[in-house]
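What follows is one structure encoded as structure tokens, with my remarks underneath.
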Amino acid sequence: MLRSIVTVALGLLGALGWLGGPAWAQAPIESELNLITPVSKFIHDAALKAFADYAKEKWNVTVKVNAIPAGTPVAYGRITEWKGKPEVDIFWGGESALFEKLAEQKLLQKVEISKEAWESIPVSIGKPKPIPLKDKDGYWVGTALEPYGLVYNPKRLQRLGVGALRDWDDLLNPKLKGEVAQCAPTRSSSSNATYEVMLSLHGEDRGWEWLRKLAANTGHFTARSRDVPTVVAKGEFAAGFAVPSYMAFEEKLAGFDIKYVAPKNAFVTPEPMAILAGARNPKAARAFIEFLLTERGQRVFMERGLFPVTPKYKVQGAPGSTAEMAVEFTGGVRSYFDGEVANVYDEAVAAKRSEALKTRFRSDIEAKWDELKK
């Protein structure tokens, strides 16, 4: 009789996931989840709400979710200041080079999601320089693909006698003097990554010469990258540099006449996500990551101008849906795995050059901006 009771009890424990396997997958998750992110409210609010709904359905747990908005360099700085006692659980978005630096400082813990979820994401994308889509040591994982390109206001360009923008060099047109908006690489990972693209494309000396020419045409440095497509959409400036695709699409959905293009070699970010060392809600954090990699989670992104991070999904929707609008807006792309992605951004070089780039921006562009404009 005792043996039967023990056998039944062990069976129940096994069914509940208390014996063997990753216990967090079956055990109830924490009732709170906090993150710090440069990803705009348009995306993170939708992702957190979808996860909270999912957690209620799956575990009957009401998860209180919260996001601290911060540009990538600012978020990185705060995480290092917390020194392993973070105020949030997750860091989401920006350049993977900064995630590598956090891992080196032991400020991240391994994501430890299911093997199926981990393996659904390819190791990298792009040639000749592959863009990592997940960390080889397991400290971060990509969540969605997103190009950093150009935006322009068709009516303002027309008034200036400038045709539709197609390539990076189009921004150097003399007719665009004072008409370009951008965000400083000291405040924005999309700007930092695109500065890196220019330096990789042209070499260090010619690359900085190109960036100085861009600064000469720049009429406004915004406080954050999210403001770049806003000022262009409103017609305050004709063009914007280093704009994440979904930020431009958000303006399109708001009814503004704004166009987007990802020129050749535009950096494609996997929007990395990592769990911070010392996170108070690690089970909820892992569950959130796993959820975002499901079809339901990827659809949250696909309907907002981002692209799936796994080849098994494509952006598709009913005629007139936001998903189909996003496909049209981004030039007909449904998946970045359907064709070749040209990439010159080198993650290892970017990680080493990160501080030097920012320092040189301050001395060569920020301090001399008035002079460059003359």
Quiz prompt | Cationic N near anionic O, under 4.0 Å, Glu324 to Arg334 | solution = yes

Quiz item: Can we say Glu57 and Arg296 salt-bridge, meaning some charged N sits less than 4.0 Å from an Asp/Glu carboxylate O?
Solution: yes

Quiz item: Taking the side chain as C-beta and beyond, is there a heavy-atom pair between Pro311 and Pro122 under 4.5 Å?
Solution: yes

Quiz item: With a 4.0 Å cut-off, would you call Glu30 and Arg280 a salt bridge?
Solution: no

Quiz item: Are Tyr260 and Phe249 close enough that their ring centres sit under 6.0 Å apart?
Solution: no

Quiz item: Are any non-hydrogen side-chain atoms of Trp168 and His202 less than 4.5 angstrom apart?
Solution: no

Exercise. For Glu196 and Tyr345, indicate whether the former's side chain and the latter's backbone hold a donor-acceptor pair under 3.5 Å.
Key: no

Quiz item: So, the side chain of Thr37 versus the backbone of Gly93: is there a donor-acceptor pair under 3.5 Å, distance only?
Solution: no

Quiz item: Side chains of Leu293 and Gln298: does their closest heavy-atom pair fall under 4.5 Å?
Solution: yes

Quiz item: Any side-chain heavy-atom pair from Leu357 and Pro185 closer than 4.5 angstrom?
Solution: yes

Exercise. In sequence, state the C-alpha distance, the side-chain angles, and the governing distance for Lys252 and Glu328, and then conclude on salt bridge (charged side-chain N to carboxylate O under 4.0 Å, His left out).
Key: CA-CA 11 Å; Lys252 179 73 174 177; Glu328 182 185 357; over 6 Å; no

Quiz item: Where the side chain of Asp346 meets the backbone of Val349, is there a donor-acceptor pair that is under 3.5 Å apart?
Solution: yes

Quiz item: Given Phe288, which of Asp89, Leu35, Ile113, Thr143 fulfils the side chain to side chain contact (heavy atoms under 4.5 Å, CB included) condition?
Solution: Leu35

Quiz item: Is there a donor-acceptor contact under 3.5 Å from the side chain of Lys134 to the main chain of Trp118?
Solution: yes

Self-check item: is_close_aromatic(Phe221, Phe361), centroid dist under 6.0 Å
Solution: yes

Quiz item: Can you check whether Ala215's main-chain N or O pairs, donor with acceptor, with Trp369's side chain at less than 3.5 Å?
Solution: yes

Quiz item: Is there a side-chain contact between Phe307 and Thr330 (heavy atoms, below 4.5 Å)?
Solution: yes

Practice problem: Could you check if a side-chain atom of Trp208 sits within less than 4.5 angstrom of a side-chain atom of Ile365, using non-hydrogen atoms only? | Solution: yes

Exercise. Would you kindly say whether Ser31 and Lys64 are connected by a side-chain donor-acceptor distance under 3.5 Å?
Key: no

Quiz item: Within a reach of under 6.0 Å around NZ of Lys177, are more than 12 heavy atoms found that belong to other residues, nucleotides or ligands?
Solution: yes

Quiz item: Are any of the side-chain nitrogens in Lys213 or Glu209 under 4.0 Å away from the carboxylate oxygens of its partner?
Solution: yes

Practice problem: Could you tell me whether Asp370 and Lys373 make a salt bridge, using a distance below 4.0 angstrom between a side-chain N and a carboxylate O? | Solution: yes

Quiz item: So, does Asn217 use its side chain to make a donor-acceptor pair with the main chain of Val180 at under 3.5 Å?
Solution: no

Practice problem: Say whether Phe256 and Val228 are linked into one hydrophobic cluster, either directly or through other cluster members, by side-chain heavy-atom distances under 4.5 angstrom. | Solution: no

Self-check item: Side chain Asp170, main chain Asp167, donor-acceptor under 3.5 Å
Solution: yes

Quiz item: Are any non-hydrogen side-chain atoms of Cys183 and Asp227 less than 4.5 angstrom apart?
Solution: no

Self-check item: Side-chain heavy atoms of Leu253 within contact of Glu250, under 4.5 Å
Solution: no

Quiz item: Is a donor on one side and an acceptor on the other found under 3.5 Å between the side chain of Thr186 and the backbone of Lys358?
Solution: no

Self-check item: Under 3.5 Å: donor-acceptor pair, side chain of Glu271, backbone of Gly94
Solution: yes

Quiz prompt | Gap separating the CG atom of Asn34 from the CG atom of Leu48, nearest 0.5 angstrom | solution = 9.0 Å

